[in-house]
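One structure is given below, encoded as structure tokens.
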Amino acid sequence: MMRIGFILIFGLISLAGFSQGNNQEYVKKVLETPEVELLYSYYSQDGDNAAVTGGEGTEKLTDMTPTIIVSIPIGENNVLTLDAGISAYTSASSSNINPFDGNKTASPWVESSGASRSDALTYFHPTFTHSSKDRNVILSGNVAVSAEYDYFSIGFGGGYTHLMNEKNTELGISGQVYLDTYKPQYPIELREGFFDDRITGTGTYSPLFNEFNQLNRNSYSISLNFSQIITKRFQASLSLDVIFQEGLLSTPHQRVYLQDRGDFYIEEFQLADNVEKLPFNRFKVPIGGRISYYLNELISLRAYFRYYYDDWGVTAYTGSLEIPIKISDKFTVFPMYRYYTQTASDYFYPKETALSTYEYYTSDYDLSEFDSNQYGFGVTYKDIFTQSKVWKFGLKSISFRFNQYERTTGLSASIFELGAKFIMD
């Protein structure tokens, strides 16, 4: 199942200088007053290559994610940011983990009305940030906890940032660890004790399946960042991430249909020969770069490029361009475009092309070769004087963004995002 989960990580760091008065040094707070950011996103997709049903079937999915981010100043130099949200989804493909649950004809093209049709992911992510008095060193630490019906994850990490050259140059390093535990939800026909007298096919249905013994997945990452203000108009940054994962990297409920195994059905639904089998280790290296150029008072340019490599055979390139256009002192619009292309994993096979003798195989089209295009448009309103009030909070900004995503595999998605930021008076 393609899961586009939206777990958002935000940090608010405001850097301030020094001022002199009465021969006494005064240091401005990193964050003057508490800030609250409310976010909401709605995601909708459809396609014909559901991994839950072996690379063929409906990929219809909707996801709604409300999020709240609260940033609290602690003394002059510290900020505590609390990020929490719920991602509530309804998925036609995941409903077909058990396609026979509900009063309908079982088919990969029709969603089941059973319990696996919908679920919610909840997460909580606090971050503590400390800035030195001269604002040239920033230290941060964070914890991340999330849970869903089939897994639980806890993470922790930290970072160090050093500003130099009158804050025109920034160097940063950060690390993160995630420790995940699965509660496998295998396809219904592969579960112990399954029997149905409607099974049709030649011979006896006998899948290759064995339950996974390893139910943990650990992820470790190190990130290096460098940014430079080159001129008053031009700024650039580079990033390098090194990521290593170990443990259960297969998704237990994603079916595979093999070329050298007989076909068995219940009504229109083909029973699995096995679930996907992927290596228990994965090494990833993304390298990215950003440039921002202030063209004039009305228009800026923001470009991004990323190269990605992993040892599963996937190589990918991403390029995007966003053009903020300031139409007034308070309103900015920003059209954007993003292009992405990737090669197929060494372990990807369309339906009924892998052999049972292969060590690894999957029919998840997220690991196939494809190109994608994403078109977007957004509007931001900023009120630096926070004239609009909601109880004790002044409205600092409000934004809306829409993106349309199209993939050459046939997947199509729409994303709506709405956000508002408030500061306490």
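Index from 1, following the sequence.
Here the OG1 atom belonging to Thr33 is positioned 8.0 Å from the CE atom belonging to Met424, to the nearest 0.5 angstrom.
When atom types are taken as modelled, the side chain of Asp383 and the backbone of Lys396 share no donor-acceptor pair closer than 3.5 angstrom. Side chain of Arg255 to main chain of Val275: no donor-acceptor pair is present (N/O by atom type, distance under 3.5 Å, no hydrogens or angles). A side-chain donor-acceptor contact under 3.5 Å links Ser132 to the backbone of Asn136. Judged by distance alone, with hydrogens and angles left aside, the side-chain atoms of Gln259 form a donor-acceptor pair with the main-chain N or O of Thr353 at under 3.5 Å. Put simply, the side chain of Asp311 gets close to the backbone of Phe283: a donor and an acceptor are under 3.5 Å apart. Here the side chain of Glu276 pairs a donor or acceptor atom with the backbone of Thr251 at under 3.5 angstrom. Side-chain atoms of Asn96 come within 3.5 Å of backbone N or O of Val110 as a donor-acceptor pair.
Note: Trp312 and Tyr347 have perpendicular aromatic rings, judged against thresholds of 30 and 60 degrees for the angle between ring planes.
Considering every non-hydrogen atom in both Pro126 and Leu82, the closest pair reads CB-CD2, 3.6 Å.
Residues passing the ring-ring contact (aromatic ring centres under 6.0 Å, His included) test with Phe402 are Phe416, sequence neighbours excluded.
Looking only at side-chain heavy atoms (C-beta outward), Ser356 and Asp273 stay at 4.5 Å or farther from each other.
In summary, the aromatic rings of Phe377 and Phe400 are positioned with their centroids too far apart to meet the 6.0 Å limit. A distance of 6.0 Å or more separates the ring centres of Phe212 and Tyr182.
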Identify each donor-acceptor pair in which a side-chain atom of residues 313-325 lies under 3.5 Å from a protein atom, sequence neighbours left out, and give them as a table.
residue, atom, partner, partner atom, Å
Glu322, OE1, Arg401, NH1, 3.4
Glu322, OE2, Arg302, NH1, 3.1

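Under the 3.5 Å distance criterion, with hydrogens and angles disregarded, no donor-acceptor pair is assigned to the side chains of Tyr178 and Gln245.
Within the cation-pi definition used here (under 6.0 Å to the ring centroid, within 45° of the axis), Arg290 qualifies as a partner of Tyr304.
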Applying side-chain contact (heavy atoms from CB on, under 4.5 Å), run through Glu417 and Asn403 and close with a yes or a no.
-> CA-CA 9 Å; Glu417 296 173 291; Asn403 284 277; 4.2 Å; yes

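The local environment of CE in Met64 is sparse, with at most 12 non-hydrogen atoms from other residues, nucleotides or ligands closer than 6.0 Å. Heavy atoms of other residues, nucleotides or ligands lying less than 6.0 angstrom from CD1 of Ile222 number 12 at most. A 6.0 Å sphere centred on NZ of Lys351 holds more than 12 heavy atoms belonging to other residues, nucleotides or ligands. More than 12 heavy-atom neighbours from other residues, nucleotides or ligands sit within 6.0 angstrom of CG on Asn165.
Asp366 has a carboxylate O that lies under 4.0 Å from a charged side-chain N of Arg407, or vice versa, which qualifies the two as a salt bridge.
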